[in-house]
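Here, residue 1 is the first one in the sequence, and each next residue gets the next number.
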Amino acid sequence: MLPLFGDERRRQINLGGSSSATTSQAAILNQARARRVERETARKRQESAVAIQAWWRGITDARRVRQKLREQFAGDITGLTGLRCLVLIGPDTEFLDGWAAEVLSRGLLFGLAHGRDQEHWLVLMRQVFFLLLRSVSDRPRSESAVSCLQVLCTLLNPASAVEVLGFSGNQLTVDITEYAVRHDLYQYLARSIQTIGPEIKNAPTLPFFVELIYRPLNTLERSSEAFLQCFQSLAIHILTIPLLPNRIPISSLTALSAKLPLSSLSVLSTSIADIVSTIPLQSHVHLIANLSAFTSPRYAILPLSSFETYLQLMTASLSILPVHALDPSSVSDARAPAMSWADDEDSDSEHPQVAVVESFAPTPRLPPLDPRTQKRLQTLPSPAHLNALLKAAQHNRGALPDLVSWLVNLCTVWPTRKDKILSTLLLYGGGGLVREIYRDYVRNSPLGKDENMSFLMDQSLASAWPPLLLLTELYTHSLLTMGDDEFFSNSRTSLTLDELVAFSRALFNIAFALYWRDDQTKIQEGGVPGLNLRWVGVRDKITKCLQAIHARDSRKPFMPENHWHVSSQIDMNSFIDAAVFEERQLDESSAPRALTKRQLSLFSPRLGILNNIPFAIQFETRVLIFRRFVENDKWNRSRDARGRIDVSIRRGHIAQDGYDRLAEADLRAPIAITFIDQFGEPEAGIDGGGVFKEFFTSLCKEVFDTDRGLWLANKRNEIYPNPHSYATEPHNLNWYRFIGRILGKALYKGILVEVAFAGFFLAKWLDKQSFLDDLASLDPDLYQGLIFLKNYTGDVEELALNFTVAIEEFGVAKAVDLIPDGSNVPVTRENRLQYIYLTSHYRLSKQIRLQSEAFFEGLSDMIDPKWLRMFNQQELQILLGGVNAPVDVQDLRAHTQYGGLYDNDEPTIQAFWKVLEDFDQEQRRLFLRFVTSCSRPPLLGFKQLNPLFAIRDAGSDEHRLPTSSTCVNLLKLPRYTSERKLHDKLLQAISSGAGFDLS
């Protein structure tokens, strides 16, 4: 029989391709999941309902209890029950204001603070104090908060408690005060004052907030732990409020200033590190501004310990600020160059300013400073403020080391004010600060002593660095405006020569140790403990001072022999080889050619020494290194296989043709000169180097002729670029560039040049500072006038000077501003050093800046600037023109070549050398100029003469005079049979100016 609804046991087939059993199973699972979710939802709904019901019951009960508390409070507002109700009700503004008004009006604030209820009252009143404090901090501008603030001030006022309770009231006030300080009193006060804002000085609550600031400090025992915590909180939270004095009414500000116990600042001496580490970075600027504003009027009366602590706290805050943090936002970039009036740069330079970056790590960026904060900070480097500090330090001698540390950090963080600071220090008290710091703190310092060089960066020497660094900065600054008369006069404003010998040797030892370290990373990244200064900055400051001292010693020697040398400490042969190797590595690396002196120090310790303190190595050794550098460059270029440059030069147009044909040529390549005679025909001969020398000698006579208008000569016949605006025209600047390239070619080939350059112009080649003393050779009258101004003891303003300098061009006189709007800035006692420096700087550097830059640009095409920086001005002049030393005939004879019938034993040659030996030095110089075109011998001897000196047979006609070919250093000597005749003929030839004989 067939089932009615089919046989369910029969297998069902789904023609759709999927199993119906699978579908049924999925549906079952979905249904089960849905029921589980439904049960979970129902459970959560039930739990939520229970929670809501419980919350509502709690709210209802709380309202009922609160209502009951209010009823009880209303029945006993000023009693102990009302006080308990007030605490239990909590932060209710209405009840707090009502209670405060009631107890004030009835005078019952301390009514329960005695007898058996005293302890209960104290516990409850602490809680009420906190409730009131929180309430007013939430509405600091509200007039309704005044009654609460009055209660707070009364609770912290011992006089109010003692008036009601007698002597025991004082202890109650102390207990409440300690509780308030522990529970963030000053955080709430700081938040309240900042919320009010600096523009709302008439807020009725402000006087009470100010009173709450100083009340605890006047209540607590100054020897207690609570007083220390209170003072710490004041420094961390109140003194870091931006524009704090600007936010407070005058009457309250006067009270705050009078009530702050700054005479007890010494309690913070052990917690300065904790305070500084707690304060956010940007708040340190406000701490410095506010602390200085409140403390500076009291410098004269502060106890020594508190004055020291004040300076230590200020120093610690300065030490963690980034450089330029105190500057306006326009120059607050820590990587901006630290421009100041003593920097050897020009503000109107068209070239981009380049700063040496010590690290590419992100530098902290502080928010822009409010102009009012900037104005207050300006008092820090002001002469009045610095003089007040110095006077206080003189009264409290023990504070001078801390003041020195503060000054070093201020100069570091605020480099644009450094010159103003240093000038004020130099002028203070008649200028004896330099000697005082040296004799009291530096002379016996362990720094720079031979036995301590390996511990130079040790933490134990941290306290010795600030006096040394400040003295270094002061002395460097003083040399900018110090004439030789003052320098050598044993003036009280400077160090004696004996002191300078010891001081410079200590600096030299430190600098050499910092350059000679193999691990330069620590120099670049490490810093002096307690100072915001890296070791590389220390090295730069010391190097600058050493260079200035050495410049004086080079001009007028006063140092002991070998004072500057380290030959005994290192092997010179290995030093030379290593320096050449490091130079070659730099050439082969991807490093740019124009590396700064600091970058060189990082890449190469030896090149760092040669470019920063080259005087550590003997001059002759550096000349050898220079020649090795040149030979190395020639070898590198020889691999390029560049062809020779053939140039035709007309005899009557040597300078113009040289400029036209060589201005853009590669002068390092071999150059063959062919002279064109007056008929337009090439002169016979092949240039093997001698013809080029003749061309170069003739060219120098033309281009350095002062009648051409490009050069002027001082009274010593030393030349320098013409400062006239005519010389700055593009065409003439190209001529300076060309002359620089030609002179570079002479240095490259070792050709001596009989021309003397002014020292201040040579300084531009070496990227060195110009000094007031350099002005004596350029403008003696102006120099004497500036010296008179510096030493003037009367009222400087009576001289009616301003910050301008007068120049005359084309018969028209005009005034040039030395600073912006300089014609309206009078010269005063405080700024006269700046005026003296800027005036000399204008004459020595700024007037010839474009000419010097063009010249040096051409010179740098031929000679790597770092090669030149191995020498000072005097040494560079010797490198250019030979040494001003006696002519050594024996050395010349040992490096002489002979031609024709001559050899060393030929009778005429024997007579010649005997005659030359009999010449005096002046005659020998005339002879040398006759045969080489230069009267000075090469620095390293005649073996360096290029080409070597030669004597050639000029025939048997004894009536002829000797002649020469200076282009190849050749003497053409007839065969004289008599020594007397040879003497007379040779002397006649060299004295009459007879010379080049084309043959």
Side-chain angles (χ1 to χ4, degrees), residues 576 579-580 582-584 586-587 591-597 599-600 604 606-608 610-612 614 617 619-638 640 642 645 658 662-671 689 692-693 696 699-700 703-704 721 734-757 759 761-768 851-882 934 938-940 944 946:
I576 294 172
V580 174
E582 289 171 356
E583 166 72 12
R584 186 179 296 121
L586 279 179
D587 283 344
R593 185 183 178 198
L595 292 173
T596 66
K597 290 183 281 188
Q599 290 168 332
L600 274 177
S604 165
R606 291 161 188 83
L607 294 181
L610 289 172
N611 274 261
N612 292 277
I617 309 300
F619 177 46
E620 292 78 6
T621 303
R622 283 178 277 133
V623 174
L624 283 174
I625 293 173
F626 174 79
R627 297 315 314 172
R628 289 279 298 274
F629 285 169
V630 171
E631 294 303 319
N632 184 55
D633 186 75
K634 288 180 179 179
W635 183 81
N636 288 336
R637 295 180 63 81
S638 67
D640 295 342
R642 297 189 182 184
I645 300 175
L662 295 176
E664 303 299 330
D666 181 7
L667 297 187
R668 294 193 186 190
I671 297 175
F692 177 82
K693 185 186 175 187
F696 176 79
L699 178 65
C700 285
V703 297
F704 290 120
N734 287 334
W735 267 100
Y736 283 116
R737 194 171 293 109
F738 169 66
I739 296 171
R741 300 184 78 227
I742 288 295
L743 204 63
K745 178 72 171 179
L747 282 170
Y748 197 78
K749 289 180 66 69
I751 300 174
L752 298 182
V753 184
E754 188 92 5
V755 61
F757 292 101
F761 176 55
L762 288 169
K764 303 295 171 282
W765 304 15
L766 308 176
D767 191 27
K768 291 186 182 296
Q851 301 91 309
S852 299
E853 287 177 354
F855 180 90
F856 188 65
E857 181 183 339
L859 183 64
S860 301
D861 285 345
M862 290 299 302
I863 303 296
D864 193 321
K866 66 176 178 289
W867 300 353
L868 293 179
R869 289 198 297 260
M870 295 192 299
F871 309 99
N872 64 20
Q873 294 98 302
Q874 292 77 15
E875 293 167 342
L876 188 55
Q877 185 64 66
I878 293 172
L879 196 66
L880 285 166
C934 184
L939 171 66
L940 300 182
Q944 291 290 320
N946 182 26

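- Inter-residue side-chain proximity for Leu747 and Leu879 is flagged as met; some heavy-atom pair is nearer than 4.5 Å.
- Smallest separation of non-hydrogen atoms from Val753 and Cys700: CG1-SG, 4.1 Å.
- Applying the side chain to side chain donor-acceptor pair (under 3.5 Å) rule to Asn872 yields the partners Ser554; only residues at least two apart in sequence or on another chain are considered.
- To the nearest 0.5 Å, atoms OG1 (Thr621) and CG (Leu610) are separated by 10.0 Å.
- Take Gln877 and apply the side chain to side chain donor-acceptor pair (under 3.5 Å) test, not counting sequence neighbours, and it matches no residue.
- Contact of the Ile671 side chain with the Phe696 side chain is not registered, since no non-hydrogen atoms from C-beta on lie closer than 4.5 Å.
- Using a 4.5 Å heavy-atom threshold, the side chains of Lys634 and Tyr748 count as touching.
- Partners of Leu752 by side chain to side chain contact (heavy atoms under 4.5 Å, CB included), not counting sequence neighbours, listed by chain and number: Cys934, Pro938.
- The side chain to side chain donor-acceptor pair (under 3.5 Å) search around Gln944 returns none, not counting sequence neighbours.
- Partners of Ile878 according to the side chain to side chain contact (heavy atoms under 4.5 Å, CB included) rule, which considers only residues two or more places apart in sequence or in another chain, are Phe619, Val883, Leu939.
- Here the CZ atom belonging to Arg622 is positioned 11.5 Å from the CD1 atom belonging to Ile576, to the nearest 0.5 angstrom.
- Taking Tyr736 as the reference, Trp711 meet the ring pair (Phe, Tyr, Trp, His ring centres under 6.0 Å) condition, with sequence neighbours excluded.
- Every residue meeting the side chain to side chain contact (heavy atoms under 4.5 Å, CB included) condition with Arg606, not counting sequence neighbours, appears here in chain and number order: Trp516, Phe575, Ala578, Ala579, Glu582, Ser604.
- Rounded to the nearest 0.5 angstrom, Met862 CE and Leu868 CG are separated by 11.5 Å.
- Residues satisfying the side chain to side chain contact (heavy atoms under 4.5 Å, CB included) criterion with Glu857, sequence neighbours excluded, are Arg737.
- Within the model, atoms NZ of Lys866 and CZ of Phe629 stand 7.5 Å from one another, a figure rounded to the nearest 0.5 Å.
- The structure places NZ of Lys764 at 10.0 Å from CG of Leu762, a figure rounded to the nearest 0.5 Å.
- Listed by chain and residue number, nothing satisfies the ring pair (Phe, Tyr, Trp, His ring centres under 6.0 Å) test with Phe856 (two or more places apart in sequence, or in another chain).
- Within the 4.5 Å cutoff, the side chain of Phe761 has heavy atoms near those of the Ser852 side chain.
- Every residue was checked against the salt bridge (charged side-chain N to carboxylate O under 4.0 Å, His left out) condition with Arg627, not counting sequence neighbours, and none meets it.
- Closest of all the heavy-atom pairs between Ala663 and Phe738 is CA-CD1, 3.8 Å.
- Between Leu743 and Phe704 the shortest side-chain heavy-atom distance falls below 4.5 Å.
- Residues passing the side chain to side chain donor-acceptor pair (under 3.5 Å) test with Trp735 are His731, sequence neighbours excluded.
- For the salt bridge (charged side-chain N to carboxylate O under 4.0 Å, His left out) test with Asp633, the passing option among Arg584, Arg668, Arg628 is Arg668; the others fail.
- Within the 4.5 Å cutoff, no side-chain heavy atoms of Ile742 are placed close to those of Val703.
- The CZ atom of Arg741 sits 4.0 Å away from the CG atom of Leu667 when rounded to the nearest 0.5 Å.
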